[in-house]
There are 2 protein chains.
Amino acid sequence: MDAKTLCLAVLSQGDASGYEIRKAVQSGPFGHIQDIGYSSIYPALSRLLDDGLVSVTEYVQEGRPDKKVYRLTADGRMALLGALQEPTEPDKTRSDFLFRMLFADILPPSVVEQMIDERLEEIQTVIKRTETRTKAGFQSTGDAFLNGFAAAVQHAMADYIEDNRYQLVGSSLVPQRAVAE
Amino acid sequence: MDAKTLCLAVLSQGDASGYEIRKAVQSGPFGHIQDIGYSSIYPALSRLLDDGLVSVTEYVQEGRPDKKVYRLTADGRMALLGALQEPTEPDKTRSDFLFRMLFADILPPSVVEQMIDERLEEIQTVIKRTETRTKAGFQSTGDAFLNGFAAAVQHAMADYIEDNRYQLVGSSLVPQRAVAE
DNA sequence: AACAATATATATCATTTTGAAATAAATAAG
DNA sequence: CTTATTTATTTCAAAATGATATATATTGTT
């Protein structure tokens, strides 16, 4: 999703500043499937404001920039509804980890081992996060669905990696020291 | 991975033109985890050429632009090796489908149904592609690992969606016409 | 108590990436 | 015979990314 739609989506769950939108995306249900930085959020909010899809209230603060809290307008709500019904593009995954595994043959086994261990830890972290969220309860059906989805996929990944890592490291053609001979 | 590294990676498996690099990424093992368009490839190749990481041979053709076939240089091979050992950033998924499922409550059930069916079909397509690739054999250990990984994850996703779709559609709070009042 | 780290909050900039279109002919499919 | 696909590169506007700047309150650590 583009930054504008993502902002609309977050705002549909409650008013928020740009800063808070970021937090919501990072730690909320969107976290598994989207990422966004300030440099996308703030321009997006400006354009949404120009287009009348959000309104803003400025809270003067001392010590930090004034907080601008955005709220979805009726038009904004319609725009979100519209965007949600546009054709979906296929899911995409970017995996630095798998990219490297493609070259496991030419990497030192110890490096491959470490990458695998790190990836497994990452997965465990995500799994724990989904469990925490499950215990905390869900705001919507979709939220629950997504959390379960994430858990299922993460488990499948961890299982596969654990069951097949030996293929990558066991068969390496480049033992750590043999080359020098 | 950035476009340059991805080009180096493809070229490490054999010489190729920009056009062929795209094809290789689309249909090869990279396909599951990377995507790249011409508008990223060609500038990347230019920069790699400037940096001496690839060399080029131009084949004059009639009827279509001259074909420029790129080849990894020794420096290029080293650069790839280096890039592969840089710290990996966490995997990322972008899912238009899941994004929409978060809002299943406020979408017409028929629309949600259709999105789910389409997504399941997409998954089946990917599964078939992995099966084809499995039968065709693999170029490397990593290739086999990745194919199996993709298969495992796709199956997990399909299973989860099939087992839990009723949650999304059964419980819709917004029957198709109620909003207008 | 002093100090470091993190959280709050927005803005901006250069670099990359993306998606689309322009161009043009050969080849495959119907 | 006509249409669709494949081959092949280039270019452009729009969007996203990552980093940095700014400045203070709050929390955590020794």
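Sequence lines set the chain letters: A, B, ... in the order given, protein chains first and strands last, and positions in each chain run from 1.
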Starting at CG of A/Asp96 and ending at P of D/dT17, how long is that distance when rounded to a whole Å? 14 Å

Spacing of B/Asp35 atom CG relative to C/dT18 atom C1', expressed in whole Å: 10 Å

A/Asp105 side chain to B/Thr141 side chain, donor-acceptor N/O pair below 3.5 angstrom: yes

Is there a side-chain polar atom (N or O) of B/Ser39 under 4.0 Å from OP1 or OP2 of C/dT17? no

Any Lys/Arg nitrogen of B/Arg165 or B/Asp117 sitting under 4.0 Å from an Asp/Glu carboxylate oxygen of the other? yes

Classify A/Ser17 by what it touches in the nucleic acid, base, sugar-phosphate, or nothing, heavy-atom distance under 4.0 Å. sugar-phosphate

Assign A/Arg22 to base, sugar-phosphate, or nothing according to its heavy-atom contacts below 4.0 angstrom with the strands shown. nothing

Does one side chain, of A/Asp91 or B/Ser95, offer a donor that lies under 3.5 Å from an acceptor on the other? yes

A/Leu6 CG to D/dA15 P: how many Å, rounded? 15 Å

Looking at B/Ser40, does any N or O in its side chain come under 4.0 Å of the phosphate oxygens OP1/OP2 on C/dT17? no

Atom CG of A/Asp50 to atom P of D/dA14: distance rounded to whole Å? 15 Å

Would you indicate what B/Lys23 reaches in the nucleic acid, counting non-hydrogen atoms under 4.0 angstrom: base, sugar-phosphate, or nothing? sugar-phosphate

Which whole-number value in Å describes the distance from A/Lys92 NZ to D/dA16 P? 12 Å

Could you tell me how far apart B/Asp2 (CG) and D/dA19 (P) are, to the nearest whole angstrom? 13 Å

Between CD1 of A/Ile21 and P of D/dA16 the distance, given in whole Å, is 14 Å

Below 4.0 Å: OP1/OP2 of D/dT10 and any side-chain N or O of B/Lys68: yes

Looking for any heavy atom pair under 4.0 Å, which part of the strands does A/Ala44 touch: base, sugar-phosphate only, or nothing? nothing

Name the residue closer to the 5' end of DNA chain D, choosing between B/Tyr70 and B/Glu89 according to the nucleotide with the nearest heavy atom. B/Tyr70

Without hydrogens or angle criteria, can the side chains of B/Asp143 and B/Ser140 be said to hold a donor-acceptor pair below 3.5 Å? no

Tell me, yes or no, whether the heavy-atom count around B/Glu118 atom CD, taken from other residues, nucleotides or ligands under 6.0 Å, exceeds 12. yes

Taking the side chain of B/Tyr19 as heavy atoms from C-beta outward, which of C/dG19, D/dT6, C/dT8 is closest to it? D/dT6

Whichever of A/Tyr42 and B/Tyr38 has the more 5' nearest nucleotide on DNA chain C, that residue is A/Tyr42

5'-most by nearest nucleotide on DNA chain D - B/Val69 or A/Arg47: B/Val69

Want to settle it: does A/Ser46 or B/Gly37 sit nearer the 5' end of DNA chain C, counting the closest nucleotide to each? A/Ser46

For A/Lys67 and C/dA7, give me the distance from atom NZ to atom P, rounded to whole Å. 16 Å

